[in-house]
Amino acid sequence: MSLYYGIACGRKSFWCYRLLSTYVTKTRYLFELKEDDDACKKAQQTGAFYLFHNLAPLLQKSEHQYLPPQHSLLELEKLLSKFGQDTQRIEDSVLIGCSEQHEAWFALDLGLTSSSSRNASLQKSEMETELTGSFIELRKALFRLNVKDASLLSTAQALLRWHDGHQFCSRSGQPTKKNVAGSKRVCPSNKIIYYPQMAPVVITLVSDGTRCLLARQSSFPKGMYSALAGFCDIGESLEEAVRREVAEEVGLEVERLQYSASQHWPFPNSSLMIACHATVKPGQTEIQVNLSELEAAAWFSHDEVLTALKRNHPYTQQQNGTVPFWLPPKLAIAHQLIKEWVEKPICCSLPA
């Protein structure tokens, strides 16, 4: 799908036409909904709503995966009315995207209550019975969703959590008011505008040329190892954050660095994961684990990592009761980082 837009060229009385991609028209449409409250309200009339309860999305099981059902505005109004709720509660919804046909998508949490809401939290069990689904913690369900739904629900949860935690102005203490799309909150008393934010996190796969370094925290599932990760400190560049985290956690000095990709991660409070490959200086590969940060860290060979990537059932215990070494699921950027290293262990130099 593409659209032609006429553009006036200089003082001449003719029109030039250029082709706008579906992505551009979609992005412009979402921008309009974020900036124009009336346009966003209109979009709700024909839009689709995803429901949450205390940040857990409503899901329905389909064979070996979960599917998030959509609800129209009319269906949502009938649901709220049936449970004695004011339809004003829909004002707490947030815009999370749209289809190529410009059907707007929204998310609404039926368990959280805003500072301006007159409605109490709806009972989870009653909602699940009525909606023929279950409100499941996103962390537990994430890897049983397809990529599109996982991304959409992660965005939705992050926005709903942010609004729940920013209902009051940090300067005046007065309640803030969200716009219809939920792309910002404004303090009526001093006009300060608050925008949803993510915390930058560097996630780094360190290599010595033939091996890669993987680590685990005590909070990880049994047997799982991953790349090193940590929040960026204020004032740090990406390169500085990588160097510091590697030095802090395993006592090694990074020599070279290569950016790989980035990913929004909703846990624990919405982070931007910035993935990098790094190599350490030759002859300086002795790991010194910072036990206040990690439970364990070790070097793994190419064959060991390749075997772990092929393992279909990482949670299966062996006969001696041990759990084999396994890696984060495919949806996690750590998995992609490790897979890249297995396929092409190359790294470029750090900038001066």
So which heavy atom on A308 is nearest to which on F325, and how close? CB-CE2, 3.5 Å
If I compare all heavy atoms of I274 with all of Y259, which pair ends up nearest, and what's the gap? CG2-CE1, 3.8 Å
Kindly determine whether W341 and S207 satisfy side-chain hydrogen bond (donor to acceptor under 3.5 Å, both in side chains), including the steps that lead there. CA-CA 9 Å; W341 177 80; S207 170; 3.2 Å; yes
Roughly how far, to the nearest 0.5 Å, is the OG atom of S271 from the NE2 atom of H264? 7.5 Å
Are the side chains of L228 and V202 in contact, using a 4.5 Å heavy-atom criterion? no
From CA spacing to verdict: side-chain hydrogen bond (donor to acceptor under 3.5 Å, both in side chains), Y50, Q70: CA-CA 5 Å; Y50 293 84; Q70 294 181 334; 2.7 Å; yes
Please answer: with hydrophobic residues joined when any side-chain heavy atoms are less than 4.5 Å apart, are V147 and W105 in the same cluster? yes
Under 4.5 Å between any side-chain heavy atoms of L112 and N54, yes or no? yes
Of all residues at least two apart in sequence or in a different chain, which pass the salt bridge (charged side-chain N to carboxylate O under 4.0 Å, His left out) check with D149? none
Which atom of A229 lies closest to which atom of E245, heavy atoms considered: O-OE1, 3.8 Å
Distance check, rounded to the nearest 0.5 Å: S72 atom OG versus Q45 atom CD? 10.5 Å
Rounded to the nearest 0.5 Å, the OG atom of S81 sits from the CG atom of L76 at a distance of 11.0 Å
Spacing of T285 atom OG1 and D208 atom CG [to the nearest 0.5 Å]: 6.0 Å
Sidechain-backbone polar pair: Q174 side chain, C169 backbone, donor-acceptor under 3.5 Å: no
Please determine whether residues F106 and L80 belong to a single hydrophobic cluster, defined as Ile, Leu, Val, Met, Phe, Trp and Tyr linked transitively by side-chain heavy-atom distances below 4.5 Å. yes
Could you walk me through whether H71 and L131 satisfy the side chain to side chain contact (heavy atoms under 4.5 Å, CB included) test, starting with their C-alpha distance in whole Å, then the side-chain angles of each, then the deciding distance to 0.1 Å, before giving a yes or no? CA-CA 10 Å; H71 296 81; L131 296 167; 3.6 Å; yes
Got a second to check how far K184's NZ is from T176's OG1, nearest 0.5 Å? 13.0 Å
State whether the number of non-hydrogen atoms from other residues, nucleotides or ligands found under 6.0 Å of F267 atom CZ is greater than 12. yes
Check against side chain to side chain contact (heavy atoms under 4.5 Å, CB included), I193 and Y195: CA-CA 7 Å; I193 301 175; Y195 295 98; 3.4 Å; yes
Contact check, side chains of L309 and H335, non-hydrogen atoms, under 4.5 Å: yes
What do the steps show when you test H302 against T210 for side-chain hydrogen bond (donor to acceptor under 3.5 Å, both in side chains), and what is the final call? CA-CA 7 Å; H302 183 277; T210 60; over 6 Å; no
Check for me, please, whether L30 and L108 land in the same ILVMFWY cluster - side-chain distances under 4.5 Å, paths through other members count. yes
Aromatic contact, H166 with Y194 (centres under 6.0 Å): no
Can you check whether K178's main-chain N or O pairs, donor with acceptor, with H163's side chain at less than 3.5 Å? no
Decide side chain to side chain contact (heavy atoms under 4.5 Å, CB included) for F83 and L110; before the verdict, give the C-alpha distance in whole Å, the side-chain angles of both, and the deciding distance to 0.1 Å. CA-CA 11 Å; F83 285 89; L110 301 172; over 6 Å; no
All pairs passing salt bridge (charged side-chain N to carboxylate O under 4.0 Å, His left out) where residues 262-277 contributes a residue, at least two apart: none
Is a donor on one side and an acceptor on the other found under 3.5 Å between the side chain of K148 and the backbone of A150? no
Nearest 0.5 Å, please: how far is CD in E240 from CG in L257? 11.5 Å
Main-chain N/O of N179 paired with K34 side-chain donor or acceptor, under 3.5 Å: no
Kindly indicate whether the side chain of M198, heavy atoms from C-beta on, has any atom under 4.5 Å from the side chain of W265. no
Contacts of E32 that satisfy salt bridge (charged side-chain N to carboxylate O under 4.0 Å, His left out) - sequence neighbours left out: none
Quick one: side-chain hydrogen bond (donor to acceptor under 3.5 Å, both in side chains) partners of S172, sequence neighbours excluded? S189
What pairs with E295 under side chain to side chain contact (heavy atoms under 4.5 Å, CB included), at least two apart in sequence or on another chain? R216, S218
Applying the 4.5 Å side-chain criterion to the ILVMFWY set and letting contacts propagate, would V180 and I96 be lumped into a single cluster? no
Got a donor-acceptor contact below 3.5 angstrom from the W326 side chain to the K222 backbone? yes
Flag side-chain contact, heavy atom, 4.5 Å: L331 against L145: no
Looking at every non-hydrogen atom in both residues, tell me the closest pair between S262 and L272 and how far apart they are. CB-CD1, 4.2 Å
Would one find more than 12 heavy atoms of other residues, nucleotides or ligands at under 6.0 Å from atom CZ of F31? no
Could you tell me if the side chain of Q258 sits less than 4.5 Å from the side chain of T279, heavy atoms only? no
Nearest heavy-atom pair of G111 and R89: which atoms, and what distance? N-NH2, 4.2 Å
Could you walk me through whether S260 and E340 satisfy the side-chain hydrogen bond (donor to acceptor under 3.5 Å, both in side chains) test, starting with their C-alpha distance in whole Å, then the side-chain angles of each, then the deciding distance to 0.1 Å, before giving a yes or no? CA-CA 9 Å; S260 172; E340 283 178 355; 2.7 Å; yes
Taking C-beta and beyond as the side chain, do Y225 and C212 meet within less than 4.5 Å on heavy atoms? no
Measure the shortest side-chain to side-chain distance between V246 and L213 over non-hydrogen atoms and say whether it is less than 4.5 angstrom. no
Taking V186 as the starting point, is it possible to reach W162 by hopping between hydrophobic residues whose side chains are less than 4.5 Å apart? no
Hits for side-chain hydrogen bond (donor to acceptor under 3.5 Å, both in side chains) against Q263, two or more places apart or cross-chain, chain-then-number order -> none
Evaluate the criterion side chain to side chain contact (heavy atoms under 4.5 Å, CB included) for residue pair E100 and T25; output intermediate values, then yes/no. CA-CA 9 Å; E100 292 185 356; T25 58; over 6 Å; no
Please confirm whether the backbone N or O of S151 pairs with a side-chain atom of T155, one donor and one acceptor, at under 3.5 Å? yes
Considering all heavy atoms, the nearest I203-A227 contact: CG1-CB, 3.8 Å
Are any side-chain N or O atoms of Q60 and backbone N or O atoms of L67, one a donor and one an acceptor, separated by less than 3.5 Å? no
Between S99 and Q101 (side chain of the first, backbone of the second, donor and acceptor by atom type, cut-off under 3.5 Å), is there such a pair? yes
Please check this pair: side chain of R161 against backbone of P266, looking for a donor-acceptor N/O pair closer than 3.5 Å. yes
